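Only a predicted model underlies this, so the values are computations on that prediction, with no experimental measurement involved. Ligands are counted one by one from 1 in listed order, and the atoms in each one are counted from 1 as well.
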Amino acid sequence: MISHTSTSVVTIERFIIEQERLHPEASGDLSSIMYDLALAAKMITNKVRSAGLVDILGSANAENVQGEMQQKLDVFANETIVKAMDHTGRLCAMASEEEEGIIPIPPGFRTGKYALLFDPLDGSSNIDVNVPVGTIFSVVPKITRGRDGVLEDLLQPGRRQVAAGYVIYGSSTMLVYTTGQGAHGFTLDPSIGEFLLSHPDIRIPDTGRYLSINDSYQQLWDERVRTLMQRYRGLEGDRAPMNVRYVGSLVADFHRNLLGGGIFAYPSNPKSPSGKLRLLYEANPLAFIVEQAGGLASDGSQRILDVQPSELHQRTPLYIGSRTDVELAEKVLADA
Ligand code: AFP
């Protein structure tokens with residue numbers, strides 16, 4: 001890991017180049033994928049920032065009313081990422097939370113040795129009320145032969161990821177990513193349009209302050225989940241009570257807990273037997289990041305990164321965050 005002094009300004013580009021130099025065997029393709037994703041993130045930032053202006057700008061500019069400005073932001077984000085990535089020759093296929101099947105690389109473009117999975121705009125139902133939303137991405141190596149990536153390339157356990165990250169469109173835009181050498185955060189400086197290294201080598205505290213759970217499902221939880229929540233609140237056992245914080249936008253909840261320490265939990269319940277969150281687009285990339293930061297991610301009984309996916313839009317229960325808090329979840333949930 002290269003150390004930077006507090007006065008050095010490190011763009012994401014410089015950081016990626018320096019990381020790549022540590023691996024002389026690297027082809028540079030993964031670095032290029034990261035630049036392209038950072039570019040897409042800047043384009044999505046622009047749109048998200050003007051989300052509240054759509055009606056105002058639309059009435060001032062008739063073209064916009066029928067056109068691009070009215071496009072739903074999650075659709076815009078999806079198309080932006082697909083278009084930023086499909087022609088680069090570095091990917092063999094993509095899959096998005098917004099699309100049902102594989103997104104192929106169009107004929108005429110070269111294909112590459114990686115596959116990309118992404119959730120273009122997670123938490124998009126929060127946009128109307130100005131709550132942070134995010135983009136989450138995961139990169140896995142192509143494992144099949146042939147020009148195009150197939151389902152098998154995309155359905156790999158999370159431990160095979162070679163890169164993962166998220167962008168949070170909050171009070172500032174931040175991009176956090178890992179390629180397996182720590183988790184690093186970059187803040188977008190809008191005046192120069194660059195992501196600057198602001199959070200090198202993020203470490204999540206071993207024990208967290210925050211508990212993020214949607215309490216309105218309480219009556220659906222089984223006894224073990226109820227006990228676990230009592231433990232986190234310090235009402236049973238000897239754990240110090242946690243502060244409950246739930247935005248309802250996974251990237252926002254995860255980001256706060258990553259920096260401040262805590263656990264995000266989305267248990268299964270009879271209505272959602274596998275929870276709500278998607279293994280490939282949400283749980284796996286965030287699990288890779290949290291582990292790189294010293295935390296853990298579990299589905300309640302096993303490490304998220306070891307789950308073998310069987311379908312693209314597979315859901316999973318999720319307990320992710322500070323190490324001792326996720327360990328407590330596994331322990332309590334295992335008790336008969
Ligand atoms: P939307 O994209 O529909 O807003 O869903 C967001 C999300 O997938 C995730 O970002 C949240 O953590 C989770 O759903 C919240 O779900 P509940 O509303 O059931 O708590």
For the pair Met174 and Ser198, evaluate side chain to side chain contact (heavy atoms under 4.5 Å, CB included) and give the outcome as yes or no after the intermediate values.
CA-CA 9 Å; Met174 259 192 86; Ser198 52; 4.1 Å; yes
Tell me: protein heavy atom nearest [atom], and distance?
atom: atom 2 (O) of ligand 1; answer: Gly123 N, 3.1 Å
atom: atom 11 (C) of ligand 1; answer: Gly248 O, 3.4 Å
atom: atom 10 (O) of ligand 1; answer: Asp122 OD2, 2.5 Å
atom: atom 7 (C) of ligand 1; answer: Lys276 NZ, 3.8 Å

Is there a polar contact, in the sense of an N or O pair closer than 3.5 Å, between Phe264 and ligand 1?
no
Do any N/O atoms on Asn126 end up under 3.5 angstrom from N/O atoms on ligand 1?
no
Scan Arg303, Arg203, Arg323, Arg159 and name whichever one has a salt bridge (Lys or Arg N to Asp or Glu O under 4.0 Å) with Glu291.
Arg303
Contacting atoms of ligand 1, where contact means under 4.0 angstrom from a heavy atom of [X]:
X: Ser125; result: 1 (P), 3 (O), 4 (O)
X: Tyr246; result: 15 (C), 16 (O), 17 (P), 20 (O)
X: Glu282; result: 8 (O)
X: Ser249; result: 10 (O)
X: Leu250; result: 9 (C), 10 (O), 11 (C), 12 (O)

Tell me, do Lys113 and Ser27 make a side-chain contact under 4.5 Å, heavy atoms counted?
yes
With backbone taken as N, CA, C and O and side chain as the heavy atoms from C-beta onward, which portion of Asn214 lies under 4.0 Å from ligand 1: side chain, backbone, both, or neither?
side chain
Test side chain to side chain contact (heavy atoms under 4.5 Å, CB included), reference Tyr166, set Phe137, Phe118, Phe254, Tyr177, output is Phe254
What one should report as the nearest heavy-atom pair of Val82 and Ile103 is CG2-CD1, 4.0 Å
Looking at every non-hydrogen atom in both residues, tell me the closest pair between Val131 and Ser249 and how far apart they are.
CG1-CB, 4.3 Å
Rounded to the nearest 0.5 Å, how far apart are NE2 of His199 and NE2 of His184?
13.0 Å
Are Leu188 and Leu37 connected, step by step, through hydrophobic side chains (Ile, Leu, Val, Met, Phe, Trp, Tyr) whose heavy atoms are closer than 4.5 Å?
yes
